[in-house]
Amino acid sequence: MNEVFLKVVNMSIAASWIVLAVLVLRLLLKKAPGWVSVLLWGIVAVRLICPYSFESALSLMPTTETIPLNIEMDYSPAIDSGVNVINNVINPVLSASLTPHPGDSCNPLQIWVSFASELWIIGITCMLLYSIVSCLRLHRRIAVAVRCRDNIFQAEQISSPFVFGIIRPRIYLPFSLQEPEMSHVIAHEMSHIRRRDHWWKSLGFLLLTIHWFNPLMWLAYMLLCRDIELACDEKVIRRLDSKQRADYCQALVSCSVSPRTMTACPLAYGEVGVKQRVKSVMNYRKPAVWIILMSVAACIVIAVCFLTNPVQNSFSLRITVPAGNQDEIVYTHEEICPLGNYITVTTGEGMGDTEVLLKPAESDTEASFGEPAYLTPGLPVKMEAEKGSWFQIGVKLQNPADEEQTVYINVENAEVRISDER
């Protein structure tokens with residue numbers, strides 16, 4: 001369960017970068033059609049749903065695995081957000097407070113990650129129970145609703161029109177709704193159903209339930225609900241004249257209610273941002289073709305840049321130096337394969353001056369590939385290597401201590417796999 005939780009956290013952090021990009025783009029595309037904003041939130045949803053993607057040189061994602069899935073077992077816990085400023089703030093704190101001490105029965109991060117994963121499950125359960133109870137209470141209020149026609153019903157116990165239901169959605173209207181307003185309200189709610197907004201809002205709430213711990217997901221869900229209503233208003237009013245739009249605004253004001261706590265349903269007519277919606281209706285202008293084309297192009301760019309993973313060709317490899325080691329060669333557990341005809345090697349955490357060499361992964365001997373190189377902190381070393389072949393990196397390190405030591409070595413221009421040797 002801990003690994004699942006960390007995977008969800010990493011997906012949530014990755015989606016947060018898209019949320020930030022969408023927030024900026026919404027400001028730049030104020031004159032774009034309303035459905036564009038809804039489409040942008042759809043891109044966020046894809047990132048939250050799909051655990052895997054393909055690498056692209058066009059990707060703007062800093063990283064897709066901010067928290068290593070094995071961090072709870074790491075002797076030197078660290079994150080890699082892809083932003084050095086964030087890493088430099090968080091990693092020293094992690095190392096100072098969560099590095100296991102000799103004699104500890106378990107890694108402190110094991111306790112914290114287990115606690116966080118249990119809290120995550122409790123949060124999901126609470127949100128699902130709240131949603132179920134809310135829907136049952138609403139269902140009880142509309143149990144005696146009277147059918148007007150088709151899927152349109154009227155009820156005494158409701159104060160605002162709404163769409164309720166997933167598979168067979170129904171429109172519910174209060175008996176207090178006057179006839180001049182009713183036609184506009186029904187047109188709005190029917191537009192919701194045709195656009196499948198009752199599906200998208202439910203999906204958004206489900207994703208919010210899974211990622212409830214991320215404040216940006218709450219903001220994204222609130223804006224999704226608002227953008228759904230604005231897009232639906234726009235679809236209805238684009239064929240209305242100025243007087244009909246004024247009547248539509250009057251219907252919005254008449255049916256406005258105090259916003260409820262966030263739920264997956266219903267799609268209430270006057271519940272979301274009435275003031276902004278009235279202003280949007282009265283100032284509506286049909287967007288020019290070039291604005292529509294530019295908006296679609298922006299959506300494509302966001303999808304390409306944020307739904308793909310960054311190409312990773314640099315890695316930090318861990319080397320465990322046995323206690324009492326005296327100038328023996330110690331190899332990484334991982335194997336590397338050069339992307340070109342050389343790799344770049346630099347020292348990582350805990351490593352000083354040393355000799356570094358490459359050993360063919362298929363070789364059973366200690367013979368190195370080429371001549372060993374001398375490695376000094378702060379000075380990268382280029383080592384020639386055969387493209388397409390797999391190697392292990394070895395270093396000569398002493399460890400006079402009574403406990404094993406962990407150091408790191410950085411490689412670039414290579415791909416990495418876990419070695420079968422243990």
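Between Glu229 and Arg277 there is a salt bridge, since a side-chain N of the basic residue sits under 4.0 Å from a carboxylate O of the acidic one.
Using a distance-only test at 3.5 Å, with no hydrogens or angles considered, a donor-acceptor pair links the side chain of Thr125 to the main chain of Ile121.
Between Arg195 atom CZ and Met190 atom CE the span is 14.0 Å, to the nearest 0.5 Å. For the atom pair OH (Tyr130) and SG (Cys135), the distance works out to 10.0 Å, reported to the nearest 0.5 Å. Note that OH of Tyr221 and NZ of Lys201 are 4.5 Å apart. Values are rounded to the nearest 0.5 Å. From Ile86, atom CD1 reaches atom CD1 of Ile79 across 7.0 Å, with rounding to the nearest 0.5 Å. The CG atom of Leu208 sits 9.5 Å away from the CE atom of Met222 when rounded to the nearest 0.5 Å. With rounding to the nearest 0.5 angstrom, the CE atom of Met383 is 10.5 Å from the OG1 atom of Thr344.
Applying the side chain to side chain donor-acceptor pair (under 3.5 Å) criterion to Arg196, with sequence neighbours excluded, gives no partner residue. By the ring pair (Phe, Tyr, Trp, His ring centres under 6.0 Å) test, Tyr172 is found to be paired with Phe153, Phe162, residues two or more places apart in sequence or in another chain being considered.
Of the residues listed (Ile300, Ile302, Leu307), the one engaging Val304 in a side-chain contact (heavy atoms from CB on, under 4.5 Å) is Ile300, and it is the only one.
Of all non-hydrogen atoms in Asn10 and Thr64, the two that sit nearest each other are CB-O, 3.7 Å. Considering all non-hydrogen atoms of both residues, Pro377 and Thr347 come closest at CA-OG1, 3.1 Å. The minimum heavy-atom distance linking Pro174 with Ile158 is given by the pair CB-O, 3.4 Å. Closest approach of Gly394 to Ile329, counting heavy atoms only: CA-CG2, 3.9 Å. Residues Ile166 and Trp199 approach most closely at O-NE1, 3.0 Å, considering heavy atoms.
Checking Ser16 against Asn214 by side-chain atom types alone, a donor-acceptor pair falls below 3.5 Å. Residues Asp233 and Tyr248 bring a donor and an acceptor atom of their side chains to less than 3.5 Å of each other.
By the 6.0 Å and 45° rule, Lys359 stacks over the aromatic ring of Tyr331.
Ring centers of His188 and His184: at least 6.0 Å apart, outside the cut-off.
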Apply side chain to side chain contact (heavy atoms under 4.5 Å, CB included) to residues Phe164 and Arg170 and explain how you reach the verdict.
CA-CA 5 Å; Phe164 186 68; Arg170 294 178 173 181; 5.7 Å; no

With a cut-off of 3.5 Å and sequence neighbours excluded, list every side-chain donor-acceptor pair involving residues 31-49.
| from | atom 1 | to | atom 2 | distance (Å) |
| --- | --- | --- | --- | --- |
| Trp41 | NE1 | Asp227 | OD2 | 2.8 |
| Arg47 | NH1 | Phe306 | O | 2.8 |
| Arg47 | NH2 | Asn309 | OD1 | 2.6 |

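Heavy-atom contacts from other residues, nucleotides or ligands closer than 6.0 Å to NZ of Lys387 number 12 or fewer.
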